[in-house]
Amino acid sequence: MMDTTNSRVPTDLILVLLFFMGISIASLYNMEQLSQGHDGFAFKQAVWFTAGTAILVGIRFFDLHQLYKLSLPAYLFGIALLAVLLVSPASIAEPVNGAKSWFTLPGFSLQPSEFTKISTIMYLAATIVNHKKKFQKHTFKTDLYLLLKLVAVTALPVILIMQQPDFGTSVVYLVILGATVIFSGINWKLISLTALLFIGVAAGLMFAAVQYTELATTALPIDQYQVDRLETWLSGGEQQSDESYQVSKSLTAIGSGQLLGKGIGDLQVYIPEAQTDFIFAIVGESFGFIGCSFLILVYFYLIYRMMTLGLQMSSIDSYGSYFCFGFLIMLSVHAFQNISMTIGVMPITGIPLLLISYGGSSVLATMLGMGVLYRIYEEYLTSQERMF
């Protein structure tokens, strides 16, 4: 990758983004040649990427101080969208696969939870900055206070999203919260106690969902199909269900790609909803082991760049640093969960592979996050220029 230390433009990050765009559109186009898609997914994805690029460029007109001040309004707007979604009639918020997660507007649909991820990360970062300004000397008491504030910020969107219900997206928010708590510098004893409590509760809920399904679907905001996905994962795909069928087809597609893939226009394995949840299987069949490995390598490179940028910004602008870490975790958990579920390692959750899976909301929200990341990079280079 190119060295960008002498340029105000993050050349390597732009090349990474262009690579993701190319793989996404090529995979969707290839899927359509197998008659898996009839709605012009590749063309629509190109349109979403174009709109996302406009958003990315627009973010450059805001500096980090302005983005910091906009964190709370953006967060509250996202919460308002989630609340309005729940009470909206089916004419503008029609349930899809049992979940009321989208505004269905003429010509497109909008999933508020995707954008709220970014606004929540922004406000979590601002919350940490505000807390540390107020309590420059941290104690167990102040750390506990910060932990409660971070939990409260995350709990509000999670509660609303669970009402849709969308368990997979809620888990992403909780992982972002966990990582943010770690990066915030909270006392490790407090983090350990909280982690043990969370793991215990999560394990208990999983046990209850599997052993007492009827009670769990009645008392908890989960549906039967979500329990079926969990049971399919725990049983290793032995159950005969739609979920095990999808995983089986996904493994067949990835395996049939062998080393170099089948190329464009020669796919043979049909996978339901491949354009969203199982796009990695299309990548595997199209471009083989080499293509999948390179895609994962590029994800690792992007994660590495965000980690290093976050560390570099820690002494320059802590808000930018915390945003980098939060966005890094969001991208990482999406990549890990989506790829893992396509090979049967993790349960199916409906989490998209960011910048690859089809979807206007996920593309625009991720491009918004990338725009903030580019802005942070530019401000880091500006600070370095001032030093010399």
Side-chain angles (χ1 to χ4, degrees), residues 4 8-10 13-14 16-17 51-82 110 112-134 146 149-150 152-154 156-157 172-173 176-177 179-181 183-185 302-303 305-332 354-355 361-386:
T4 61
R8 292 289 298 276
V9 177
L13 296 181
I14 291 175
V16 164
L17 190 55
T53 301
I55 293 175
L56 187 151
V57 172
I59 292 294
R60 294 189 62 187
F61 293 97
F62 297 87
D63 60 34
L64 279 184
H65 181 67
Q66 291 172 319
L67 292 173
Y68 163 75
K69 291 195 296 184
L70 286 171
S71 296
L72 178 56
Y75 171 77
L76 293 176
F77 181 71
I79 296 299
L81 280 179
L82 291 174
L110 179 71
S113 59
E114 292 295 327
F115 296 94
T116 311
K117 286 177 193 172
I118 304 299
S119 62
T120 300
I121 292 171
M122 292 174 64
Y123 190 50
L124 285 171
T127 300
I128 299 172
V129 172
N130 293 336
H131 179 87
K132 293 196 171 185
K133 284 181 180 179
K134 186 175 181 180
L146 175 57
K149 287 192 289 187
L150 296 177
V153 169
T154 311
L156 192 52
V172 175
Y173 279 79
I176 292 171
L177 168 63
T180 302
V181 168
F183 289 124
S184 68
L302 178 57
I303 291 167
R305 288 288 281 116
M306 286 191 286
M307 176 63 76
T308 56
L309 181 58
L311 293 173
Q312 290 166 336
M313 287 295 293
S314 59
S315 59
I316 300 169
D317 189 308
S318 55
Y319 174 76
S321 177
Y322 292 130
F323 180 87
C324 281
F325 294 139
F327 188 59
L328 176 158
I329 294 301
M330 187 192 91
L331 188 111
S332 300
L354 295 184
L355 297 173
S361 296
S362 66
V363 167
L364 295 180
T366 308
M367 294 288 278
L368 173 62
M370 291 296 293
V372 177
L373 185 70
Y374 287 6
R375 179 71 247 186
I376 293 170
Y377 180 86
E378 290 183 10
E379 297 214 8
Y380 166 71
L381 289 182
T382 299
S383 68
Q384 295 301 104
E385 292 172 359
R386 288 171 181 170

Practice problem: State, with a plain yes or no, whether a side-chain heavy atom of Thr127 is found less than 4.5 Å away from one of Leu150. | Solution: yes
Self-check item: Thr116 side chain reached by Leu81 side chain, heavy atoms, under 4.5 Å
Solution: no
Partners of [X] by side chain to side chain contact (heavy atoms under 4.5 Å, CB included), sequence neighbours excluded?
| X | result |
| --- | --- |
| Leu368 | Ile55, Ile59, Ile118 |
| Ser321 | Met313, Ser314, Phe325 |
| Ser362 | Glu114, Pro352, Leu354 |

Rounded to the nearest 0.5 Å, how far does [atom2] of [Y] lie from [atom1] of [X]?
| X | Y | atom1 | atom2 | value |
| --- | --- | --- | --- | --- |
| Leu331 | Ile303 | CG | CD1 | 5.5 Å |
| Leu110 | Leu364 | CG | CG | 8.5 Å |
| Arg375 | Leu64 | CZ | CG | 7.0 Å |
| Tyr377 | Thr308 | OH | OG1 | 9.5 Å |
| Met370 | Leu302 | CE | CG | 5.0 Å |
| Lys117 | Ile329 | NZ | CD1 | 13.5 Å |

Exercise. Could you give me the CA-CA distance, side-chain angles and deciding distance for Leu17 and Leu56, then say whether side-chain contact (heavy atoms from CB on, under 4.5 Å) is met?
Key: CA-CA 11 Å; Leu17 190 55; Leu56 187 151; 3.7 Å; yes
Exercise. With sequence neighbours left out, write down each residue that passes side-chain hydrogen bond (donor to acceptor under 3.5 Å, both in side chains) with Tyr322, or none if nothing qualifies.
Key: Lys132
Quiz prompt | Partner residues of Ser113 under the side-chain hydrogen bond (donor to acceptor under 3.5 Å, both in side chains) criterion, sequence neighbours left out | solution = Gln111
Quiz item: Judged by atom type as modelled, is there a donor-acceptor pair below 3.5 Å linking the side chain of Glu379 to the main-chain atoms of Ile376?
Solution: no
Using residues 67-79 as the side-chain source, report each donor-acceptor pair under 3.5 Å to any protein atom, sequence neighbours left out, with the distance given to one decimal.
residue : atom : partner : partner atom : Å
Tyr68   : OH   : Asn130  : OD1          : 2.2
Ser71   : OG   : Leu67   : O            : 3.0
Ser71   : OG   : Tyr68   : O            : 3.1
Ser71   : OG   : Met122  : O            : 3.4
Ser71   : OG   : Tyr319  : OH           : 2.7
Tyr75   : OH   : Val153  : O            : 2.6

Exercise. Begin with the C-alpha distance, continue with both residues' side-chain angles, and end with the deciding distance and a verdict on side-chain contact (heavy atoms from CB on, under 4.5 Å) for Ile128 and Lys149.
Key: CA-CA 9 Å; Ile128 299 172; Lys149 287 192 289 187; over 6 Å; no
Quiz item: Can you name the ring-ring contact (aromatic ring centres under 6.0 Å, His included) partners of Phe327, sequence neighbours left out?
Solution: Phe323
Quiz item: Of the non-hydrogen atoms in Ser318 and Val129, which two are nearest, and what is the gap between them?
Solution: OG-CG2, 3.5 Å
